[in-house]
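Following: one structure in structure tokens, then a few remarks.
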Amino acid sequence: MSFEKYKPTVEYGDTLVLFLGYGNMLQMTVEEGKTHQTKYGAIKHSDLIGKKYGCRIVCSKGWLQILHPTPELWTITLPHRTQILYSTDISLITFELDLKPGSVVIEAGTGSASLSHAILRTIAPTGHLHTFDFHEQRAETAREEFAHHGFGDMVTAKHRDVCRDGFNHEGIADAIFLDLPLPWEAAPFAKEALKSSGGRIASFSPCIEQVQKMCLALEQLGFSDIKSVECLLRTFDPKTIELPLVDLVRNKKPQWKKKKMEKNSAETEEDTSTTSRSSYVCKSGICMKEMPGHTGYLTFATLYPS
Amino acid sequence: MSSETISEGDQIVIQKAKVLKVVQVRKGRKIWLDRVQFSADELIGKPFGCTFEENKGVLVQVSRTGSEDADNAVEEGKRDNRDLQGDQSNQKITKSEIQEMRKQGVSGQEIIEQLVENSATFKKKNTFSQEKYLKKKKKKRVYQPQFTIMKPTTRLVADMYYSRGPMRICNMRPDSLAQILALGNVRSGNRMMVVESCVGVLVSAMLERMAGSGLLVDMYSGSAPVHQACECFNFTKQHKDILKTFPLDRVAELHGVEKKKAWEEEREKEGEEEEEEKEEVVEEVKEEVEKEEGAQKKRKRISPEERDERRIRKAERIKEMKEVLMRADMDGLIVATKFHPTPIVLSLLDFICPSRPIVVFSQYKEPLLDLYSKLKERGGIILLKLTETWFREYQVLPNRTHPLVNMIASGGYILTGTTVSQD
């Protein structure tokens, strides 16, 4: 019961995020009588009860912080059952599908429910998500997870091959999201499932050939404003950088002599001022050596009422 | 929100090719869009999502023409453009003849057919070029202006403001707004602070996502907050009621009072009775103000009394918001402003609960680098991350798929972090 709204303190049954350091976070559910092992030592779950979110927990070999879960933190820490969508694409999907409280959304496939959590956050408390996966176990696990996270009434997670059997819904959805290997097979069902007053559709595909087929299918089905985009996240590492300034005047004294002089000389003050002038200092955002260069293409389209 | 048909008083989005405009539907009103003028009367009662063509200032509902039949475009290589000469004489129809046809009410489709027939080069072009030619002509105002009417959404409003003049919204590319809304965990029921100089695009986006539940405090600078973009939406009273304002130049007082707490408590004990009396007086004044408000509606000039009353009401509002903020239990802070963000963020952080996101947008990287190091010094914030999104659109056509030739070089930078308690 921790995703639907912010709460001040930890209770049994909460899912929370442990922050152990940069790039080191994990999620856990607080259960009676359990203990969790971290690199800083063991945490007794019972010790967390009543603790404020955001506070520091001291363990035997260090300390960590407990964070309130958000869909974004969940995406970083969730148990992977499949490849997942990350927050950059998720943000854009939510935005382009015009999601807001009250929206009715259809999603296929559920996968590890990374996107589902973000959708549910945005359409809560009055919207509904119908999510489908052709893998029975995944659908089942997702269903349990949703119930656990306080989304039980807002979501229907079903095991279903939507490319073959459709969504079994007609005219109910404001928005549809497809993350399928053959999205064009589900596209006619998607058209049926959208409200008669129209709606938005989004499709995520890693390969350009899939995008081409999907765009053709959407156009033939009468979708408009078809737009395919790519959105990547560039991260900067803020650092103070120092560049030495080159000497453009020929130095008569060789370097070793200069250093020797510095050591014994009386004119230290003058010397330090010259050294501070010998480099250029500024703040910079350093690009990562490597970054994810491709996640997938996102195709968006509108269905207008006929 | 409004129903599925357009009614008088609705804010609507009119889309013509890639141009967007938000207008309010009022009977007898003339609408100007991209050098075309028409009346909105025909729109009333029609469903959202329908398409119109303008003919002699009157809108006629038409069925949407999809883009070209994609099937016939597969044949390739038979013709090419080797003999094509760039020459004005290729088209026999002149500009004035086209305008004459327009005046006579000839439809766009017919004009394009005429253009194709009278083009010396059209038949020699390869299929892809022919398609491109038709597409280009269709886009042109004089041939076939089609308008689609849509409900205003954050996506459309942000797009409209960005394409009209990105400087007015701090160069916030719509996909950056998308990131901000998600990273800030903006949702119904939250208690959020926002500082923006994006003419209300950010505030209205947050209002849409909060749907009338929770609290949104716009910390503004200057004499009054600017919420122009909020007018584009058909927000109900409930939607708008969660929006409160607080002037940034009063933020120092919040800190001042906090530090003086011990001193104040002593004072309070002494002057408790006095305080009670004062509060009663204020209450009375408020009631009177409400009564008079109705009576004075017609009067335009502000009397000195009314000015005083307004001042009192404003003071009341500020006092109320001060109390709310001083509880220090806000659920997040979003900043996208023309001001240097560092002092703003440092002074507002104290009012946010631990374990909540902050999101700071800037069109420049440097101020965020400064903020990053100041936040590191301060402590009480983790997961600091400075990012930018790289966004590009694709042309997807059979055998002709490639990124669009032009892309927007920068959408702005975002610094995010999560608050933690410092004890």
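Protein chains get the first letters and strands the later ones, always in sequence-line order, with residue 1 at the start of each.
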Problem - Part of A:L92 within contact of chain B (heavy atom distance under 4.5 Å) - result: both
Handout entry: Residues of residues 221-228 of chain A within contact distance of chain B, non-hydrogen under 4.5 Å
Key = A:S224, A:D225, A:K227, A:S228
Problem - Heavy-atom contact with chain B under 4.5 Å, split by part of A:L97 - result: neither
Exercise for the section: Heavy-atom distances under 4.5 Å only: say whether A:F236 touches chain B with side chain, backbone, both or neither. Expected result: both
Practice task
Pick one of side chain, backbone, both or neither for A:E72, based on which atoms fall under 4.5 Å of a heavy atom in chain B.
Solution key: side chain
Exercise for the section: Provide the closest heavy-atom pair for B:Q179 versus A:T88 in the form atom of the first, atom of the second, distance. Expected result: NE2-O, 3.1 Å
Handout entry: Side chain / backbone / both / neither for A:A124 at chain B, heavy atoms under 4.5 Å
Key = backbone
Handout entry: Audit row: B:Y394, A:V229, side-chain contact (heavy atoms from CB on, under 4.5 Å) steps and yes/no
Key = CA-CA 6 Å; B:Y394 280 74; A:V229 304; 5.8 Å; no
Problem - Distance, nearest 0.5 Å, that separates CD1 of A:I208 from NE2 of B:H402 - result: 11.0 Å
Handout entry: Residue A:T240 versus chain B: region with a heavy atom under 4.5 Å
Key = neither
Practice task
Measure A:C215 against the heavy atoms of chain B and call it side chain, backbone, both or neither at under 4.5 Å.
Solution key: side chain
Completion exercise
Between the CG atom in A:D98 and the OG1 atom in B:T153, the distance rounded to the nearest 0.5 Å is 4.0 Å
Fill in the blank from the handout: Turns out that what part of A:Q65 lies under 4.5 Å from chain B's heavy atoms comes down to side chain
